[in-house]
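Just so we're clear, the structure is a prediction, and the values are computed from it rather than from any experiment. So you know, we letter chains A, B, ... as the sequences are listed, proteins then strands, and number each from 1.
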There are 2 protein chains.
Amino acid sequence: MGALPTIHDVARVAGVSRQTVSNVLNSPGIVRPDTRDRVTTAIAELGYRPHESARRLRTRKSSTIGIRIDPMTDGISGSVLDRFLHALTEQAAAQGLRVMLFTATDPDDEIRQFARLRDGADVDAFVLTSTFHGDPRTEWLIANDQSFVTFGRPWGIDDMNDPTHLWVDVDGWWGLHEATTALLAQGRRRIGYIGWPSPSGTGDDRRRGWHDAMVAAGGLTDAQLTPLAIATPDGVTPGGAALRALLAGRPGVDPVDAVVCASDSLALGALIASAGSIPVIGYDNTPVAQALGLSSVEQPLDEVASGVLELLTGAHRGRPDAGPTTDPRHRLVRPRLVLRSPAPLPAP
Amino acid sequence: MGALPTIHDVARVAGVSRQTVSNVLNSPGIVRPDTRDRVTTAIAELGYRPHESARRLRTRKSSTIGIRIDPMTDGISGSVLDRFLHALTEQAAAQGLRVMLFTATDPDDEIRQFARLRDGADVDAFVLTSTFHGDPRTEWLIANDQSFVTFGRPWGIDDMNDPTHLWVDVDGWWGLHEATTALLAQGRRRIGYIGWPSPSGTGDDRRRGWHDAMVAAGGLTDAQLTPLAIATPDGVTPGGAALRALLAGRPGVDPVDAVVCASDSLALGALIASAGSIPVIGYDNTPVAQALGLSSVEQPLDEVASGVLELLTGAHRGRPDAGPTTDPRHRLVRPRLVLRSPAPLPAP
DNA sequence: TGTGCAAATTTGATCGTTCAAATTCCTGCC
DNA sequence: GGCAGGAATTTGAACGATCAAATTTGCACA
């Protein structure tokens, strides 16, 4: 009674062989309907479930995805990973895949973890977050023929159309384009941008979204736009400082009448510093933004998760050269603008 | 070259048998030092690592902990689970344990997931978060003799000293006692409390922390304290409403001059509604609190994680009746008060 | 009725490891 | 030198599943 039933027990009860039971589970098409029913009944009766480790040993597949969980560097946007993890786990489970976590102190350590998990046959695919240009992790994974997909573009030349690896990303350009356009529709004309220093793949992309929307609107020239964009490290305090600079203006540069930001952290700082005098739009739609009624650009993490799984389990099977070339090797999903009116906040 | 080395390859290179290699790995004490060295060298040379699935199949242990990842209900405190996950994964890895995620829509579904993971021999222990009194999940786990530890007390009578299962929790009483005491030391006398409706194990515990500190201070009687505590659902808006009520006072009830809250969500609402006029202290030290300079009570999630692992791998092995009775079956860790001065916020 | 051939099912081997039992090695002592 | 007895090591079997090949079944057709 204590022992769990094995495939052999099911076979005995159903009056068939082990292999037939295995076939019912793995390729039901090749077994005759009446035997299949008999086996299914026996499985239900005994409450049998295949022993995953035995299956993994034999098939040399773990059906497990490894993903690194960050040390929660920036608290505010940390929840993006959290929501992504949830979406990924949920959708993976629906396909019989498991999600295993690991931590790493730096990229080199992460590569050691890759090796450890691969050697132990613990996972057979990885999902990478926050990749950067020339990332040693993707290079290692490619060199070692590991199956993986990144959440984030490679940001190299031509990577969009001829990527060296599979990726899913959110179209930050589109997000900031939408945000800027929405402010323009509200009659704002001098819309500033607060983002990160170049070069930053994500950051530059978002800045271009703002820039292109402003140019399309036709009010300002390229030269007039340049002083409206501020590059600063991420964080609430830098966001506040940047906004004060934009509001103050300079000789020959008028103050801005709205601001879009590359992150909710920056936007929060800007919101506080602006004292609610001008509209501010952030990025990521974090809990902070939700709580304070800050407008923000929401990343559709469900779509990102399903895109990742498609690339992992679909024709490409997590490798850039495996699938047919007709099948796109990436997914670029569109974020959604969430407009809110800020809650009243206490004065200094 | 493609194939990973097996224990057999190591044995051949070292000139010993499979089992000796296995012994070097699992019980180094029983193998002679010089053979041990030879084997260790061969392992390093080949880069051998045991195939975890094969090992699990044979030993019937998975060395994997299962934990559910929540659907991110309340965004603000969601990051607590996130930080806990990170701490748990990190410390588990140090002990050769893996962490596997799963999702569930409700407690019954979660029980189905338990069964699935157990039957597949995927995990051999569970970590439960946010348990409640009479939780069907803990009952199922006990009835099915599963190894598990909860993050959160059972909240039943006598569970503290004679628990039916192993648990780790943060001492919310102590956290609110500290917060209240800190405000008393600043000269505040009429300190209000905003929390959740009774019965709520966590909530009632935190309220008692505030209550006991107030009583110890001696300024107010029990009857005078009652109107200073407000019970309301969690959230930013309810927090604001509660604070307005406390600030307005009533016939015979003077306004408060400070407030402690059961969560950062409530505290954030209170902070906004108070317009910075009185000090507010929250609970969880979430990113929002950090960003806005809101004082808060921080849960030491590293300690919680290590406590969970101790109970899981120590003498008790995740079961209430396994270890010696001298060994405590729970850990109650003390939170840390983080005092900040709020950043200036924009006016309505 | 027998034959051919595909479909359905069964059998034997195997994945990489550890357990249990058997064997060999070594050391001390008479 | 022989022998006892423990330490060190090796051997065969097993964990529970799937793969590959062998076998049996079922059906159409001559």
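As a whole-Å value, the separation of A/Leu57 CG from C/dT14 P is 14 Å. Atom-to-atom, CZ of A/Arg18 to C1' of D/dA14 comes out at 14 Å; the value is rounded to the nearest Å. Rounded to whole angstrom, the span from the CD atom of B/Gln19 across to the P atom of C/dA22 amounts to 15 Å. Rounded to whole Å, atom P of C/dT10 lies 12 Å from atom CD1 of A/Ile7. For the pair A/Leu25 CG and D/dC19 P, the interatomic distance rounds to 12 Å; values are reported in whole Å. In this structure, CZ of B/Arg38 is placed 11 Å from C1' of D/dT9, rounded to the nearest angstrom. Rounded to a whole Å, the CD1 atom of B/Ile30 is 10 Å from the P atom of C/dC19. If you take CD of A/Glu52 and P of D/dT18, they are 9 Å apart, rounded to a whole angstrom.
Between B/Thr6 and B/Arg32, the residue whose closest nucleotide on DNA chain C is further toward the 5' end is B/Thr6. Heavy-atom distances to DNA chain D give each of A/Arg55 and B/Thr59 a nearest nucleotide, and the one nearer the 5′ end belongs to B/Thr59. With the nearest nucleotide of DNA chain D identified for both B/Arg36 and A/His51, B/Arg36 has the one nearer the 5' end.
Note on A/Arg56: nothing from the nucleic acid sits closer than 4.0 angstrom, heavy atoms only. B/Thr20 comes within 4.0 angstrom of a nucleotide base, judged by non-hydrogen atoms across all strands. B/Thr35 comes within 4.0 angstrom of sugar-phosphate atoms only, judged by non-hydrogen atoms across all strands, and of no base.
The base of C/dG16 lies outside donor-acceptor range of the side chain of B/Arg49, with no N or O pair under 3.5 Å. Side chain B/Arg58 to base C/dT17: no donor-acceptor pair is found below 3.5 Å.
At D/dT9, none of the side-chain N or O atoms of B/Asn23 fall inside 4.0 Å of OP1 or OP2 (strictly under the cut-off). Between B/Ser22 and C/dT18, a side-chain N or O to OP1/OP2 separation shorter than 4.0 Å is present.
Taking a cutoff of 4.0 Å between a charged side-chain nitrogen and a carboxylate oxygen, B/Arg56 and A/Glu52 do not qualify as a salt bridge. B/Lys61 has no carboxylate O lying under 4.0 Å from a charged side-chain N of B/Asp124, or vice versa, which leaves the two without a salt bridge.
Taking each heavy atom of A/Asp122 and A/Met100 in turn, the nearest pair found is CB-SD, 4.3 Å. Nearest heavy-atom pair across A/Asp302 and A/Ala87 is OD1-CB, 3.4 Å.
Looking only at atom types and distance, the side chain of A/Asp109 has a donor-acceptor partner in the side chain of A/Thr105 under 3.5 Å away.
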